[in-house]
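So you know, we letter chains A, B, ... as the sequences are listed, proteins then strands, and number each from 1.
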Amino acid sequence: MSSAELAALTPLVYVIGLAIALVVVDMVRPGDDRLVGILAGVGLLIGMGVVWLAGANGATQEVFGGAYRLDPLTTFLDTLFLVVAFLTILFTPDYLRPRGYPLAEYAATLLFAISGAMLIAGATDLLVLFLGLELLVLPGYMLTAYAKRDGLATEGAIKYFLLGSFSSAIFLFGLAFTWGYTGTTSVAGVAHRLEQVVTGQQPIAAGLLMGLALLTAGVAFKIAAVPFHYWTPDAYQGSPTPVTGYLSVGPKIAAFALILRLFAEALAPLKADWVAVVAVLAVLTMTLGNLVALTQDNIKRMLAYSSIAHTGYILVGLAAFAGAPPGSEAAKEGIASVLFYAAAYAFMNLGAFAVVAALQGRPGVTSQIATFAGLGRRAPLAGALMLLFLLSLTGIPPTAGFFAKAYVIAAALASGGLVPWLAVIVVINAAIAAFYYLRVGVVMYMQDVPSGAQPVTNSLPMRLGLVVAAVGTVLIGLVPGLLLPMAQAAAAAIL
Amino acid sequence: MGDLHFASVVPISATVAPPGSEAMVLLVLVVPLLGFAVTALVGRRLGRLAWAFAVPGIVFTWAVAMVVVFQALSGAYGEALRFTVYTWIPAGALHIDFNLAVDNLTAVLLIVVTTVGMLVHVYSIGYMAHDPGRWRFFAYLNLFMFSMLLLVLADNFLLLFAAWELVGLCSYLLIGFWYRRRSAALASKKAFLVNRVGDLGFALGIMAVWTTVGTLNFPEVFQLLPAQLASGAIQPWMLTGIALLLFCGAVGKSAQFPLHVWLPDAMEGPTPVSALIHAATMVNAGVYFVARANPIFSLSSTAMLVVASIGIFTAILAASIALTQNDIKRVLAYSTLSQLGYMFAALGVGAYVAAIFHLMAHGFFKGLLFLDSGSVIHAVHEEQDMNRMGGLWRKLPITHATMLVGALAIAGIPPLAGFFSKDEILDEAWKDGYSWIWLVGVVVAVLTAFYMFRLMGKTFYGPSHVDPKVEPVVHESPPIMTVPLILLAIPSAFLGLLVGLPFGASVIHSWLGPIFEQADANLGHGEPTFAFFGVDGVLIVVSVIAAISGLVLAMRLFGFHWPFTRREIEPEPAVVARWTDRLRPLYRGSFHKWWFDELNDLIFVRFGGVVAAACWWFDVRIVDGTVNTVGRVVSGAGREIRLIQTGRVQNYALGIAIGLLIVAGGYLLFGGRV
Amino acid sequence: MLTLPATIPFLGWTWNDLLFLVLAGGLLGSALFVVLGRNIIHSGLWLVVGFLMLAGLYALLGAPLLAGAQVLVYIGAISVLILFAIMLTQSKAGPARLVFHHQAWAAALAALGLGLLLVIVVGATAWPLADGSAQPQTSANVASALFDDFVLPLEIVGVLLLAAVIGGVFLAKKDDARESDSDI
Amino acid sequence: MSNTLDAYLVLSGLLFSLGMFGFLARRNAIAMLMCIELMLNAVNLAIVAFGAFLPPLRDSAAVIALLVMAVAAAEATVGLAIVIAIYRNRRTPLVDEYSQMRE
Amino acid sequence: MSGLPILSLVIFTPLAGALLLAFVPRDRVALLRWLALGTAVLTFAWTLLMVAGFNDATPDRGGFRFVEAASWIPAFGIQYKVGVDGISLLMVLLTTLLTAVSILASFGPIKERVKEYMISFLVLEVGMVGVFLALDTFLFYVFWEVVLVPMYLIIGIWGGPNRIYATIKFVLYTLIGSLLMLVAILGTAFVFASGHGGDWTGAFDYEQLRGFGFSEGVQLAAFLAFFLAFAIKVPMFPFHTWLPDAHVEAPTAGSVILAGVLLKLGGYGFIRFSLPLFPQASHDLAVPIIVLSLIAIVYGAIVALVQPDLKKLIAYSSVSHMGFVTLGIFVFQQQALQGAVLQMVNHGLITGALFLLVGVIYERTHDRTIAKMGGLMGTLPVYAVVFGFFMLASIGLPGLSGFVGEFMVFLGTFAISPVYAAVAVLVMTIGAAYLLWLFQRMFTGDLSDFLRGLGHHLTDMDHTEILTLAPLAALVVVFGVVPGLLLGVLQAPTDAVLAGLHSAGQALGGLP
């Protein structure tokens with residue numbers, strides 16, 4: 001392994017090493033959650049530094065014979081994943097401690113999952129992509145089940161696991177078909193081969209199309225696109241709340257990273273074929289997500305459906321890429337809008353779940369929306385932050401969610417074919433979504449505090465995490481220019 | 001900020017007016033306005049002296065106005081004094097000044113308005129002495145004076161319209177002065193709304209004028225509109241349309257059929273108000289305006305015919321109603337309608353001078369009559385029903401005497417003012433070929449004399465029907481009230497002699513003739529001719545006979561007391577009852593005012609209410625209903641769709657499998673590019 | 001030594017064909033038993049049979065190394081794991097009365113549909129790289145591929161297994177803490 | 001027949017479908033897990049078949065199949081751990097009875 | 001004052017105030033109130049400074065003064081660009097005045113959660129002022145949406161019994177329109193960028209967009225999207241049903257701002273964006289919009305007639321009055337356009353005042369049912385006079401501010417079609433009818449039993465209440481007598497709007 005290869009892999013290796021270190025620390029000093037937490041938090045901050053150092057020059061660096069690539073997209077996504085992990089770690093202790101679960105295994109598992117996500121971000125080989133995906137989701141199943149004495153957590157976990165494995169099998173079958181047809185596992189190789197097929201005006205073989213279908217179904221499941229979304233509400237509702245936050249963000253963004261590497265890079269020559277499917281999925285996803293979210297009484301479940309809807313919005317960005325002429329500016333904006341949305345979504349959605357978790361600082365506090373009654377008076381700061389996150393999810397300026405949505409819409413408008421019409425569907429959906437987000441606002445601010453409500457007390461990490469999420473949400477919305485060039489550079493890297 | 005053109009007092013008239021003329025005209029406007037402001041702000045603290053600023057102010061205004069009138073009529077201003085105070089609406093092409101003009105027509109109106117206004121103010125000191133809201137009263141009254149003076153001084157359509165609305169407002173405020181009385185509140189509202197109906201047309205007319213000629217200044221409009229008609233730039237129907245739209249406003253303000261319904265109800269206001277606003281000044285605004293706009297109206301024979309027809313119809317309609325009313329003020333109100341109808345008939349036949357002459361005369365004697373009625377009402381403790389009066393002449397000598405002068409004047413008995421003006425109208429109607437108007441006019445003259453002396457009879461003569469409790473304390477009003485009566489009786493008696501002679505070349509003709517030159521030219525009227533021993537003489541005789549016959553009949557039926565003698569004619573209630581019975585259908589029609597109020601109630605209140613309720617239903621059920629239905633459908637869809645989330649993994653997996661099959665099918669069917 | 005005829009008499013198949021048919025039939029048959037078996041323990045055992053058949057097919061395809069791995073990994077590890085789990089989770093009531101879900105018929109339709117689709121697709125596809133015949137692999141090639149071209153995936157699998165073990169141990173570990181309430 | 005790619009692929013497809021049927025139809029969590037193993041094996045069969053019949057893929061196929069086996073093992077580990085965890089809570093391996101969360 | 005970023009001061013002073021308030025303890029109610037009022041007054045003072053310097057400031061090419069521009073999102077050429085012309089000058093003046101008045105008027109009625117209330121109000125002001133000053137379509141949209149949240153809270157927290165329905169309806173309705181507008185804003189920017197070879201510089205710059213000349217199809221699509229947003233805000237028939245609900249439930253000051261400023265956002269949007277950016281589409285769709293306006297005018301007035309609730313009545317009257325604004329805008333006549341702006345200012349002052357007056361009586365009776373009122377004139381004479389004054393102003397009495405704007409709209413309409421004008425003037429009567437009837441029912445006759453039952457709680461207006469209404473009354477008179485104060489600054493911007501329209505093509509048919 002050359003030193004260049006080592007350098008490119010440093011972030012990944014670092015995170016895996018950190019995970020193992022946590023396990024080791026737990027063996028040396030069992031039950032010291034505080035140490036584990038500090039180690040994980042500080043370690044992740046350093047990890048971000050490592051990522052930035054590795055990707056500082058912004059150049060593209062291929063290692064392992066093209067199986068892994070360090071490019072701006074990798075750096076962008078790696079940073080995002082580390083932020084997600086960092087925030088999740090901050091939000092977790094307040095939930096786990098009162099329920100008597102250790103932090104060490106949790107943190108290690110989370111970091112393994114994040115390393116899977118980071119692997120996906122840099123993978124340019126179908127097999128590595130698959131393995132990265134597995135490395136991402138297997139710890140995810142376990143995190144869902146982490147509150148193992150909790151019937152709902154295990155129920156969510158087994159549903160997630162069974163369906164996830166099912167979809168992995170489907171996905172793998174699709175990979176096999178693609179591989180069999182193109183004869184290579186390299187992303188670039190696949191793209192090259194398919195380019196020849198497309199430019200050669202040959203009919204696309206049924207086997208390839210079947211592979212495409214299997215792959216589509218597989219990734220649609222991972223991002224929770226309708227009608228492959230069924231696991232989402234149950235897994236999200238059942239999971240420990242900080243895990244829900246992570247699940248709604250980490251695996252989803254990683255799955256989109258997978259889509260970028262697989263569909264936007266390897267299968268890009270076929271995008272004229274899959275754009276329609278993506279568009280239809282986008283419409284179905286946002287509409288169903290929003291409609292069903294309207295009727296939910298449990299905030300975790302509601303946010304789960306909301307996250308389905310957000311998948312739909314991100315898919316619009318993908319459709320914008322697919323609908324635009326290859327290599328065009330519009331195609332780049334499509335990818336960049338996906339990345340931007342992902343980043344904005346990470347902050348606001350994690351933040352929203354964090355507030356839910358913050359309220360559940362004692363066992364037995366449910367996540368029914370009614371729990372939020374009078375929060376604006378009971379805990380003004382938590383209420384205000386929740387309102388901020390909800391507004392961002394609604395897409396009200398000047399928050400991150402707004403600019404993200406605007407960017408996706410702009411990308412769709414710039415795209416070709418019928419994709420611009422998706423913009424209209426996005427905004428109609430956003431209006432519908434406003435209803436249920438606002439309803440939480442109504443409960444928080446316009447209803448009285450229920451009698452016997454306990455005061456909300458939070459630890460320092462939780463507060464720190466909320467502040468970070470809030471600052472991120474506002475900053476990305478107010479000064480999108482901070483993030484925009486990065487997203488665009490990342491997008492340019494795969495075109 | 002904006003560019004303000006306070007082009008302070010820039011005279012634009014050719015003749016150089018005496019220095020300070022503009023300031024005096026402004027003074028005429030400003031003093032009542034100040035009076036209003038001061039009285040409104042501090043009047044409540046003045047207590048009984050609420051009039052302390054208002055009345056002296058108006059007296060002063062009267063004095064200044066008289067100087068202005070003198071200068072105008074003496075020709076010191078030339079054709080007219082015109083000046084701009086400031087630019088009211090500087091909006092590009094729409095440039096509307098606050099500009100005023102004093103010409104002879106204005107001067108004549110100023111005489112009526114300030115004189116009657118001043119006397120009514122003085123009278124009100126006594127009349128309103130015991131009313132706790134007197135400060136409001138004087139404030140409103142001053143505001144009215146300002147508005148009315150602005151109305152006659154305004155030199156463009158929009159400013160006139162503004163004043164027009166303001167007098168309407170004052171009328172509203174004063175009719176509803178006794179706000180606790182439901183009837184007063186309803187009457188004031190009715191007055192405002194009915195006026196607004198007319199104003200719709202007026203406003204549209206003004207818009208049409210501006211759209212057509214691009215200016216609203218009177219001199220320019222009156223020059224440009226005929227010119228454009230002559231050059232063919234506008235069609236005759238357009239001009240007719242403009243004239244008729246403008247006339248709508250006059251119909252409303254001067255309470256002509258079919259918008260006459262508000263005026264009788266307006267008698268809910270205090271009597272001085274009835275005298276000033278609803279007899280002497282405001283209701284004449286319509287007449288004034290049509291006269292002012294004579295260059296427009298005279299170009300359209302259709303418009304002239306409409307004006308004349310509506311006028312004469314209103315005259316006879318109102319007279320027929322006045323015959324049977326029992327409320328003393330209502331009789332006078334219908335009489336006012338009737339006389340206004342006369343004036344419009346005159347305007348319609350082109351007898352502009354006669355119309356203004358009648359306006360002037362009517363202003364004095366009707367003001368007098370109302371103030372007299374107020375004195376009577378006051379005397380019998382706010383009783384207005386004539387059936388509960390009678391025989392009052394003994395206890396109210398000054399009131400009786402002055403009212404008799406007024407009654408004779410309105411009846412058209414020579415040589416009182418009404419004779420001259422009314423006769424001139426009938427005379428001109430006949431001579432201009434409107435014999436049917438003349439004929440109806442004569443009938444109205446008979447009716448007028450009859451109902452006025454019915455009123456006199458029931459009020460002053462015969463046995464007393466006054467409430468026995470009140471009877472002993474009935475006494476003549478204090479001098480503060482009677483002096484204005486006397487002062488008003490003088491012009492009522494002698495105005496005709498002063499300005500109405502000699503026939504055919506009277507003073508008032510010399511004043512107003514130039515104003516209507518253009519109209520006369522349009523209508524083809526030559527130099528006025530007068531043959532005392534010819535057609536004119538015959539006409540005079542006929543109208544005098546008509547007036548006297550009505551008067552005599554009323555005397556016979558309702559009683560009379562010859563002044564200065566002991567002769568009394570006793571009333572004949574039995575005969576009246578018999579005739580009433582015989583003419584039962586007509587009587588009922590007259591008594592119920594030909595059911596106009598009921599008709600309005602049906603159309604506007606009931607039907608309008610139904611329409612409004614229907615609209616609201618539409619709004620709530622259909623418009624908002626649609627919105628809510630959309631919301632319900634959306635959330636209903638959510639509630640249905642959520643059922644697919646059964647909670648069972650196998651169902652989910654099946655869903656995924658089906659999704660996979662559909663995606664695969666889609667790719668295979670549509671993806672195979674050739 | 002008895003030499004077999006080059007082809008099976010009467011049918012004209014090669015022996016490999018027969019072997020293939022037997023193994024394929026065995027595979028599908030045992031899979032069917034796995035899927036349809038009422039007793040879950042029997043299903044587990046049939047799964048082992050199925051894995052064996054598959055190992056035979058791998059050998060037939062000239063990949064004996066994989067056949068070995070199949071035996072070791074699947075039969076040696078996974079199946080045993082599954083059988084243990086079955087033991088752990090069998091309630092005393094024995095096999096459930098309803099083995100199949102209500103939607104079994106729909107599931108059958110969907111599976112049939114997918115199967116048909118796959119068969120049609122496979123039949124309709126000309127694999128561009130095919131040269132028509134199976135070639136045996138050598139383990140040396142596999143080894144060099146594994147440690148040269150596929151070194152990254154190999155390392156990842158190691159991490160994956162580590163993660164699975166750490167998490168799996170935590171989850172399966174029975175701890176003494178009280179059963180907590182659900183925080184729905 | 002044994003020497004054609006299509007035969008193996010058809011076999012793989014049928015096995016995959018059969019596994020899917022089982023997954024959709026069985027109620028027992030472990031039975032479903034076994035069905036997933038069947039499906040993964042079907043994929044592996046396809047991979048090996050590709051490797052056998054497509055010369056450029058000969059070497060990588062074996063490696064991929066090996067790695068898939070390892071993944072399957074990891075998945076089974078996690079899955080069985082979860083099954084055991086939920087069995088402790090619910091005392092039943094029947095997945096369709098885990099439907100406390102729905103709609 | 002050159003060099004002073006006066007517009008940014010106007011926009012961000014309230015924001016600074018809101019941030020300051022966030023650090024004041026919530027139990028220091030008096031401090032919170034006075035700080036909020038101080039901020040609002042300071043903002044108003046900045047506005048006056050802006051007014052004072054307006055004539056001396058040099059306008060840029062597009063006629064805007066005090067223009068400030070800074071790059072915000074360079075990748076898309078999105079700027080922080082603000083500037084003021086005559087129209088926005090008046091709107092900002094109205095906004096800052098009404099905000100100060102509203103905050104003062106809230107001293108008494110708002111006793112709970114004063115901190116949140118005041119912060120909401122100041123944030124609301126930021127949004128409103130920003131909308132009027134933004135010269136970048138994206139920035140405009142941002143401010144447009146910023147308005148939404150505080151209003152959502154104001155209605156939802158401090159509103160009446162059915163406030164939640166009302167506030168959600170308000171937000172959703174507004175959001176549907178505005179989100180489509182967002183699509184249009186981005187779409188036009190994209191079209192602009194593609195017209196410049198993919199360069200997004202200036203793609204959101206109002207002045208550059210104005211000169212771009214969109215194709216007819218783009219114009220139509222974008223116009224419709226903008227139209228929906230503005231029509232809902234105005235609100236035009238049939239998008240108006242959120243308004244009565246919102247008004248009825250909102251606290252007094254909320255209603256004042258809602259009627260006084262928020263509705264103007266729509267009218268302003270039409271003038272600022274719809275007409276100049278999409279002249280062709282404006283022409284093509286003018287007649288339907290005029291017809292909708294006429295329906296709103298007459299229908300709103302008719303429905304107002306039968307409203308049992310005081311606030312609902314005024315809400316429907318707003319529908320009617322705002323109909324004049326849209327009518328005035330879409331007849332494309334100088335007078336009508338200026339009249340529409342005047343009407344916006346005047347409606348803001350008058351209806352704002354009427355809502356304050358409703359608040360006065362509501363504070364005493366906790367009821368707004370007209371049928372329960374009666375005879376107030378005798379008991380509350382000052383209240384009656386003030387109410388009557390603003391009622392007359394609302395009716396359009398000459399000499400008060402309502403008249404001039406209305407008349408100018410009529411005039412411009414008449415030039416297009418006497419028939420339209422004839423329909424529009426109907427409201428002179430119907431409008432007078434519902435208000436006079438209201439006045440009659442509330443103030444005349446004997447004191448109603450309900451009011452008598454209140455005893456000594458039924459007091460006349462206190463000094464604070466008079467103080468809140470005095471500036472409005474003064475302006476109503478001043479603008480009625482000297483409308484030139486307003487019209488002077490409107491000439492240039494309306495000329496610019498109309499010039500753009502006329503150069504775009506055919507004029508609308510009608511009378512000469």
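- Here the side chains of Arg301(A) and Arg642(B) are not in contact, with every heavy-atom distance at 4.5 Å or above.
- Nearest heavy atoms, Pro227(A) versus Gly659(B): CG-CA, 4.1 Å.
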Please determine whether side chain to side chain contact (heavy atoms under 4.5 Å, CB included) holds for the pair Tyr667(B) and Leu270(A), giving the CA-CA distance in whole Å, both sets of side-chain angles, and the decisive distance to 0.1 Å. CA-CA 11 Å; Tyr667(B) 276 127; Leu270(A) 296 180; over 6 Å; no

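- Of residues 604-635 of chain B, those residues with a non-hydrogen atom less than 4.5 Å from any non-hydrogen atom of chain A are, in numerical order, Val634(B), Ser635(B).
- Summarising the geometry, atom CD belonging to Gln645(B) is positioned 7.5 Å from atom OG1 belonging to Thr232(A); distances are rounded to the nearest 0.5 Å.
- Other residues, nucleotides and ligands contribute only 12 or fewer heavy atoms inside 6.0 Å of the CZ atom of Arg44(B).
- Contacts of Phe221(A) with chain B are made by side-chain atoms alone, with heavy-atom separations under 4.5 Å and no backbone atom involved.
- Residue contact with chain B, scored on non-hydrogen atoms closer than 4.5 Å, involves the backbone and the side chain of Leu212(A) alike.
- The only member of Leu291(A), Val226(A), Leu294(A) that meets side-chain contact (heavy atoms from CB on, under 4.5 Å) when paired with Ile641(B) is Leu291(A).
- Annotation: side chain of Tyr230(A) is in contact with side chain of Ile644(B) (closest heavy-atom distance under 4.5 Å).
- Most heavy-atom pairs under 4.5 Å with chain A, from the set Ala653(B), Gly666(B), Gly638(B): that is Gly638(B).
- Residue Ala213(A) comes nearest to Ala664(B) through the heavy atom pair CB-CA, 3.3 Å, listed as atom of the first residue, atom of the second, then distance.
- Residues of residues 163-175 of chain A lying within less than 4.5 angstrom of chain B, judged on heavy atoms, are Leu163(A), Phe166(A), Ile170(A) in numerical order.
- Only the side chain of Tyr305(A) has a heavy atom closer than 4.5 Å to any heavy atom of chain B.
- Chain B forms more heavy-atom pairs under 4.5 Å with one residue of Val280(A), Ile158(A), Val277(A) than with any other, namely Val277(A).
- Summarising the geometry, atom CG belonging to Leu162(A) is positioned 8.0 Å from atom CD belonging to Gln650(B); distances are rounded to the nearest 0.5 Å.
- Listed options Thr646(B), Asn651(B), Leu660(B), Val663(B) were ranked by heavy-atom pairs under 4.5 angstrom with chain A; first place goes to Leu660(B).
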